[in-house]
Amino acid sequence: MPVKQPTPQESELDDRRYRIRHSAAHVLADAVLELFPHAKYAIGPPVEDGFYYDFDVPTPFTPDDLGRLEAVMRERVARDLPFEMAEVSRDEARALFADQPYKQDIIDGLPEGEPITTCRHGGFLDLCRGRHVESTGRVPAFKLLTTAGAYWRGDERNRMLQRVYGSAWESEAALEEHLRQLEEAAQRDHRRLGRELDLFSTSEAVGPGLVLWHPKGARVRSLMEQVWREEHDRRGYQPVYSPHVGKGALWATSGHLDFYRESMYDAMDVEGQEYFAKPMNCPFHVQIYQSAKRSYRELPIRYTELGAVYRYERSGVLHGLLRVRGFTQDDAHIFCTPEQVEDEVVGVLDFAFHLLRVFGFDDYDVFLSTRPEKAVGDPADWELATEALRRALDRRHVEHLVDEGGGAFYGPKLDIKVRDAIGRSWQCTTIQFDFNLPQRFGLAYDGADGAEHRPYMVHRALFGSLERFFGVLIEHYAGAFPTWLAPVQAVLIPIADRHVDYAHAVRGQLAAAGIRAEVDARNERMNAKIRNAQLAKIPYMLVAGDKEAQANGAAVRLRTGQDLGLLPVDDVTARIVGETARRDPKAP
RNA sequence: GCCAUCGUAGCUCAGUGGCAGAGCAGCGGUUUCGUAAACCGCAGGUCGACGGUUCGAAUCCGUCCGAUGGCUCCA
């Protein structure tokens with residue numbers, strides 16, 4: 001079973017970083033207590049790339065406080081104080097942290113019979129299960145980054161604490177590298193590129209989390225949709241369309257009003273009937289399934305739709321294209337027999353990997369999520385479905401991680417997270433079994449035995465949502481889309497006014513071959529036009545002057561800076577058409 | 001929603017109680033140029049909105065809207 005494991009080297013470094021970050025958190029709490037003696041300290045674990053610590057303080061930390069805290073931390077590190085663990089009894093622990101309510105809360109939660117340990121360095125004592133470096137001097141490189149509010153134990157009914165985030169590494173070089181990566185990530189932030197490249201926007205007048213696709217972004221989207229449609233046609237899916245709203249009774253039957261109401265917008269009144277904007281497409285697809293009596297001979301039925309859904313998201317969680325209130329799912333629902341389930345899942349997996357590869361993603365993390373505590377459906381069905389997912393992964397030799405109990409209440413699922421060009425992970429594809437809807441709607445098909453059977457229903461999205469996938473795609477390519485996806489594939493750059501007519505003629509030739517090309521006829525020098533095209537990340541710059549007009553060609557400069565020299569227009573056309581036709585994810 | 005920070009021209013930003021500014025973008029003109037920014041000029045503002053304090057508010061206070069980083073959740 002190819003379940004992912006870290007390599008020994010990875011885990012050794014991970015362990016060292018864990019210790020450094022955990023230790024850094026202790027030093028931070030020490031510093032906070034030094035500067036804010038009345039602070040109550042709560043919890044401070046290591047996290048990816050760093051650490052945090054939560055405090056209950058009368059007034060939130062200011063950005064200035066970070067500098068002062070960091071100074072105290074550096075002083076502690078310079079003193080190289082040893083970390084000393086000690087085991088204490090429950091009563092001793094209570095006494096040691098008598099004036100620390102959060103520590104008392106943690107002690108209450110510790111299981112009886114397990115040893116309680118503390119860790120001391122200098123004058124600072126913390127309740128702690130351990131794993132530190134030997135002494136404060138062994139925290140080689142750290143930096144405090146931000147402060148943020150965080151609820152005690154992550155529950156918003158609890159008091160909000162003040163969290164300080166920091167980053168800590170085994171060397172200054174590693175810290176520098178991490179900070180450089182943050183800078184790199186900021187450079188390719190899709191919100192920034194969306195504005196700079198004129199791809200999309202949101203408008204205060206429209207409302208937060210509602211995306212406006214500008215012509216250039218919409219061009220990319222329509223290419224995404226085109227590939228998506230072609231592939232679905234090829235793989236036996238049937239496109240369907242469904243409305244954006246449906247009656248309350250439908251959402252009552254589906255269970256959305258019971259389980260999903262907080263994510264749905266309030267009802268609108270239509271002639272005394274309640275209608276709701278759809279947060280999912282499933283009930284509509286189920287209705288199409290139910291519009292006729294189904295036979296086992298028809299199965300599997302695969303309905304697919306680019307369905308716009310609306311979900312209420314709390315204002316604080318909205319984020320560019322990655323978390324919005326209205327989005328388009330590349331949805332599909334597969335209705336099939338139990339015998340067909342495994343092949344269907346394999347088919348979806350193959351499809352997902354193919355599609356992701358077309359868009360330049362070659363690196364994935366796959367997660368299998370199994371039955372949670374609270375679940376609907378027959379446990380035997382869960383077992384069969386989970387096994388089908390597992391066997392599908394095995395058949396395709398896909399390494400994966402298992403999230404025990406991480407499935408939805410209505411079925412087990414399989415998620416694919418893609419890794420982008422700078423190693424960040426994004427959830428896109430999801431394949432989910434649904435035992436809830438077939439039951440609620442009483443779905444059935446007639447089997448070979450003449451009896452009615454309940455079909456299996458698989459819900460899946462490959463991109464996830466077009467908005468999110470576009471956001472990830474922008475960041476993956478840093479806005480420099482490959483030729484086939486570039487909103488503008490080539491720009492004609494006439495050197496002087498007398499070359500403008502020729503440039504238009506060439507543009508016409510390119511357009512005739514289906515190439516998206518523009519002419520930069522502004523009264524600017526060639527240098528300015530090249531700079532402009534470069535910043536717009538246009539793959540091909542075709543300079544047209546006297547020589548080029550003479551030869552019916554263009555001097556070709558690539559976005560990469562490479563100069564291909566004077567080429568006949570036919571050659572340039574063939575090259576761009578070729579890259580486009582084979583959807584080369586790396587060209588130019 | 002909660003905590004923090006922020007909101008000045010299309011964009012990036014200066015202005016901290018006394019006449020709203022710069023660069024880029026835009027528009028007009030000059031220039032006709034060989035691989036990352038020619039030159040001159042013009043125009044562009046409810047300083048996020050509303051209310052308050054003040055002789056006077058972009059600036060101080062309050063409420064709201066929006067953005068950013070977190071908390072929780074997720075396509």
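We use all heavy atoms of the structure for the numbers below, so side chains are in, but hydrogens, waters and symmetry mates are not. So that the names make sense, note that chain A is the first sequence line, chain B the second, and so on, each numbered from 1.
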Query raised in the report: Under 4.0 Å between a side-chain N/O of A:Arg195 and OP1 or OP2 of B:A67, yes or no?
Result: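 Result: no.
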Query raised in the report: Which one of A:Leu223, A:Ile474, A:Ile538 satisfies the side-chain contact (heavy atoms from CB on, under 4.5 Å) criterion with A:Phe481?
Result: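 Among the candidates, only A:Ile474 passes.
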**Report entry** Distance in Å, A:Lys413 NZ paired with A:His459 NE2, rounded so as to fall on 0.5 Å steps
**Finding:**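 Rounded to the nearest 0.5 Å, the NZ-NE2 separation comes out at 10.0 Å.
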Query raised in the report: Would A:His285 and A:Ser242 count as having a side-chain donor-acceptor pair, cut-off 3.5 Å?
Result: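 Short answer, no.
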Query - First of A:Met541 and A:Glu204 reached from the 5' end of RNA chain B, by closest nucleotide - result: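 Its nearest nucleotide lies further toward 5', so the answer is A:Met541.
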All ring pair (Phe, Tyr, Trp, His ring centres under 6.0 Å) counterparts of [X], not counting sequence neighbours:
X        : answer
A:Phe55  : A:Tyr53, A:Phe61
A:Phe359 : A:Phe463, A:Phe469, A:Trp484
A:Tyr312 : none

Query raised in the report: Can you tell me how far P in B:C13 sits from the matching atom in B:G51, rounded to whole Å?
Result: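 To the nearest whole Å, 30 Å.
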Report task. For B:G52 and B:A57, measure between their C1' atoms and round to the nearest Å. Result ->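 Roughly 11 Å separates the two C1' atoms.
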Short N/O separations, protein against nucleotides 72-75 of chain B, under 3.5 angstrom:
| from | atom 1 | to | atom 2 | distance (Å) |
| --- | --- | --- | --- | --- |
| B:C73 | O2 | A:Arg323 | NH1 | 2.8 |
| B:C73 | O2 | A:Arg323 | NH2 | 2.0 |
| B:C73 | N3 | A:Arg323 | NH1 | 2.9 |
| B:C74 | O2 | A:Arg468 | NH2 | 3.1 |
| B:A75 | O2' | A:Ser465 | N | 3.3 |
| B:A75 | N6 | A:Glu313 | OE2 | 2.9 |
| B:A75 | N6 | A:Arg323 | NE | 3.4 |
| B:A75 | N6 | A:Val324 | O | 3.1 |
| B:A75 | N1 | A:Val324 | N | 3.3 |
| B:A75 | N3 | A:Ser465 | OG | 3.4 |

To the nearest Å, give me how far apart [atom1] ([X]) and [atom2] ([N]) are.
X        : N     : atom1 : atom2 : value
A:Leu567 : B:G34 : CG    : P     : 21 Å
A:Leu182 : B:U68 : CG    : C1'   : 15 Å
A:Asp520 : B:C33 : CG    : C1'   : 14 Å
A:Met160 : B:G69 : CE    : C1'   : 12 Å

Query raised in the report: B:G70, B:A4, B:G1: which one has an atom nearest the side-chain heavy atoms of A:Ser315?
Result: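 Of the options given, the side chain of A:Ser315 lies nearest B:G1.
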Requested in this report: Would you state whether a donor and an acceptor, one from the side chain of A:Asp497 and one from the base of B:U32, lie under 3.5 Å apart?
Outcome: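 Donor-acceptor pair under 3.5 Å: yes.
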Query raised in the report: Quick one: the side chain of A:Glu548 and the base of B:G34, do they pair up donor-acceptor inside 3.5 Å?
Result: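 A donor-acceptor contact between them is present.
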Query raised in the report: Which base sits across from B:G51 as a Watson-Crick or G-U pair, both distances under 3.5 Å?
Result: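 Across all strands, the one nucleotide that pairs with B:G51 is B:C61.
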Query raised in the report: Are A:Asp65 and A:Thr147 side-chain neighbours, meaning at least one heavy-atom pair lies under 4.5 Å?
Result: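 A side-chain contact is absent here, since even the closest heavy-atom pair is not under 4.5 Å.
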Report task. Classify the nucleic acid contact of A:Tyr52 as base, sugar-phosphate or nothing, counting any heavy atom under 4.0 Å across all strands shown. Result ->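 Since no nucleic acid heavy atom lies under 4.0 Å of A:Tyr52, the category is nothing.
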Query - Contacts of type side-chain hydrogen bond (donor to acceptor under 3.5 Å, both in side chains), residue A:Asn158, not counting sequence neighbours - result: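 For A:Asn158, no residue satisfies side-chain hydrogen bond (donor to acceptor under 3.5 Å, both in side chains) once neighbours in sequence are set aside.
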Output one line per pair: protein atom, nucleotide atom from nucleotides 36-43 of chain B, and distance, for all N/O pairs under 3.5 Å.
| from | atom 1 | to | atom 2 | distance (Å) |
| --- | --- | --- | --- | --- |
| B:A36 | N7 | A:Arg557 | NH2 | 3.3 |
| B:A37 | N9 | A:Arg531 | NE | 3.3 |
| B:A37 | N7 | A:Arg531 | NE | 3.1 |
| B:A37 | N7 | A:Arg531 | NH1 | 3.1 |
| B:A37 | N7 | A:Arg531 | NH2 | 3.2 |
| B:A37 | N6 | A:Arg531 | NH2 | 2.5 |
| B:A37 | N1 | A:Arg531 | NH2 | 3.2 |
| B:A38 | OP2 | A:Arg525 | NH1 | 2.8 |
| B:A38 | O5' | A:Arg525 | NH1 | 3.0 |

